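Take a look at the structure below.
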Protein chains: 2
Amino acid sequence: MKETKYKEIHNHLKGQIQQGNYQIGDYLPSENELCVRFSITRTTARKALDELAKESFIERQHGKGSRVKERRQSLGLLNVKGFSEAVGEDIKTLFLRKPAAGKWDSEIMLPVNDSDLNSICLYFERIRFVGNEPVMLEKNWFSGQVLPDFLCSEFIEGSFFKTLSKKYFIEIIGSSQELRAELACGKNAGLLKVKTGTPLLHISVKFSTSNSKLNIYSELYCVTSVYPVGNSYFI
Amino acid sequence: MKETKYKEIHNHLKGQIQQGNYQIGDYLPSENELCVRFSITRTTARKALDELAKESFIERQHGKGSRVKERRQSLGLLNVKGFSEAVGEDIKTLFLRKPAAGKWDSEIMLPVNDSDLNSICLYFERIRFVGNEPVMLEKNWFSGQVLPDFLCSEFIEGSFFKTLSKKYFIEIIGSSQELRAELACGKNAGLLKVKTGTPLLHISVKFSTSNSKLNIYSELYCVTSVYPVGNSYFI
DNA sequence: CAATAATACTTGTACGTACGAGTATTATTT
DNA sequence: AAATAATACTCGTACGTACAAGTATTATTG
């Protein structure tokens, strides 16, 4: 269970930054200084720093040093909080399919992990209304491996994420998304009560969670003519 | 005008991949083979391959080799860093209108501050290409009040945000966005070389900066059929 | 014939050295 | 005093060597 040297240095420096021992704008020790402090060669010191730069913790400056960067952890397009908190008040949700066993559908746009493919797939599908207007069709796939009793109980306060957090102590730690403008196909058009050929905003999301065995794959189809999808953030 | 060796190798291999001399799934020459072919050391060969891996052209496999990967690029637009850093290398930018005096257009979707409305409006408009495909039409409005000499000089490294940062020491501190799926109208369709009626992803952004007198309003029109707009984040 | 061992590859880590190039300070010259 | 040169730092590139560790093939063993 031995760690490599450069990872050791890398983690040490990362910890120092996260604990605030190096503030934004500060310079880390130079490569040569790391060499003598940790009894390593410059090759190893460089590798540790290069990794930090790749994770955008620091910024390397030729002739100057490695400066701690402002870290923008931010901006999931849909914030992680989910739909309910993003839009106003009068939201209704209609389950088209309650959570049940499903299959890893080819409709999922983002690459599905192998470990997920080899485990049971759970699926549910909802439509979100603002007032009486359907605005979003939401399809969700995830592994049921780590969620015992999931199918037997209702969502807490109607929220999937809240259920994960409060019942299973699983948090969202990241996401990747892809956005596409598409024309509504027959089926989705019908569900969203728009004409075929209406432009829809198609959002594909893959959520990573604090449980490495649970990833959530969502395909969202949004009618944006009246209610555009929005978000904002400030550092 | 001398290029570094590893970049030379890197570009050579990249070209080979892009021309199809190495197909998806193929293995590139091993590090040792590159050494003898190009009369370099393994350090240099590794660096070239590591760069390719970072750009996700290849996948390195311990004990096996470097395999050409399926390249699913997406335009990581929505992080604050802007366009240039988000996508890979082969981006071109064409100015339709160089920065010049403009007016606070009604095309701006997000509410314009009163203070902005009362000051001079600067405007520029560009098209972004990936390869030779136009993928985004970008329109930008902002107040010229706090940017002396802005019209006289070129962008630093072609980047608006870098120019703001390095020349004026102004940083982006927040943004709000709205997303819409729309059908391409005649003018935009022509510029992006798509048919009218093609669905476009319309992103409206308002950036707030560290200088309270400078807000940037952008309207982006993206062709997402080939290159979806993407982002990801982890906490 | 099947399981195992040896082998020849691959990439990964780490050592050490050398010089080039960018940056900032200090010393020198004008 | 101001411009210039020397310097001492930074990081970037590139050389060369060595061994560890993963993968696949071949040879050996039982």
Side-chain angles (χ1 to χ4, degrees), chain A residues 1-14 16-17 22-69 114-115, chain B residues 1-14 16-17 22-69 85 89 156-157 159 162 165-167 169:
Chain A
M1 223 12 46
K2 208 187 65 180
E3 238 189 1
T4 57
K5 284 197 186 181
Y6 83 85
K7 273 185 188 161
E8 210 177 292
I9 314 295
H10 168 259
N11 283 330
H12 174 261
L13 293 173
K14 193 155 143 185
Q16 295 280 309
I17 294 171
Y22 293 104
Q23 305 266 343
I24 290 167
D26 288 356
Y27 283 90
L28 293 189
S30 75
E31 296 175 355
N32 286 317
E33 209 166 325
L34 291 175
C35 292
V36 300
R37 267 205 224 170
F38 294 96
S39 307
I40 52 175
T41 55
R42 232 187 103 204
T43 318
T44 309
R46 273 186 74 76
K47 179 122 190 183
L49 291 171
D50 283 344
E51 286 294 307
L52 282 175
K54 199 154 77 177
E55 298 172 67
S56 77
F57 276 97
I58 61 170
E59 188 179 22
R60 314 212 65 188
Q61 299 169 292
H62 191 176
K64 295 188 74 175
S66 301
R67 191 161 57 165
V68 177
K69 236 171 72 168
D114 285 342
S115 56
Chain B
M1 215 26 33
K2 210 187 65 182
E3 235 189 3
T4 58
K5 284 197 185 181
Y6 83 85
K7 272 185 190 162
E8 209 176 293
I9 313 295
H10 168 261
N11 283 330
H12 174 261
L13 292 172
K14 191 154 143 187
Q16 295 282 308
I17 294 172
Y22 293 104
Q23 305 265 344
I24 290 166
D26 289 355
Y27 284 89
L28 292 189
S30 75
E31 296 174 357
N32 286 316
E33 209 166 325
L34 290 175
C35 292
V36 300
R37 267 204 224 171
F38 295 96
S39 307
I40 52 175
T41 55
R42 233 188 104 206
T43 316
T44 309
R46 274 187 73 75
K47 178 121 191 185
L49 291 171
D50 283 344
E51 286 293 308
L52 282 175
K54 200 153 77 176
E55 297 172 61
S56 77
F57 276 97
I58 62 171
E59 188 178 22
R60 315 212 63 185
Q61 297 170 294
H62 190 175
K64 296 187 75 176
S66 301
R67 191 162 57 166
V68 177
K69 236 172 71 170
E85 304 181 36
E89 302 300 294
I156 295 174
E157 297 174 43
S159 164
K162 268 192 187 159
S165 172
K166 301 205 167 175
K167 186 167 175 188
F169 305 106

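As the structure is a computational prediction, the values presented were derived from the model and not from experiment.
The minimum heavy-atom distance between A:Ala45 and A:Glu31, with the atom names listed, is CB-O, 3.9 Å.
With values rounded to the nearest 0.5 angstrom, A:Lys5 atom NZ is found 7.5 Å from A:Thr41 atom OG1.
Listed pair B:Lys47 / D:dA14 fails the phosphate criterion, with no side-chain N or O lying under 4.0 Å from OP1 or OP2. For A:Lys64 and C:dA24, the shortest distance from a side-chain N or O to OP1 or OP2 is below 4.0 Å. Between A:Thr44 and C:dC15 there is a side-chain N or O to OP1 or OP2 distance below 4.0 Å. A sub-4.0 Å separation between OP1 or OP2 of D:dG12 and a side-chain N or O of A:Arg46 is present.
Of all nucleotides listed (D:dA14, D:dC11, C:dA14), C:dA14 comes nearest to the side chain of A:Tyr6. Listed candidates were D:dA14, D:dG12, C:dT13. Nearest to the side chain of A:Arg42 is D:dG12. Of all nucleotides listed (C:dG22, C:dA14, C:dG12), C:dG12 comes nearest to the side chain of B:His62.
Contacts of residues 28-41 of chain B with DNA chain D (heavy atom under 4.0 Å): B:Ser39, B:Ile40, B:Thr41.
Atom NZ of A:Lys5 is separated from atom C1' of C:dG12 by 15 Å (rounded to the nearest Å).
A salt bridge links B:Glu51 with B:Lys54: the closest approach of a Lys/Arg side-chain nitrogen to an acidic carboxylate oxygen falls below 4.0 angstrom. Ion pairing of A:Glu59 with A:Lys64 is absent here, as no side-chain N (NZ or NE/NH1/NH2) approaches a carboxylate O to less than 4.0 Å.
Nearer the 5' end of DNA chain C, as judged by each residue's closest nucleotide, is the contact made by A:Lys7, out of A:Gly63 and A:Lys7.
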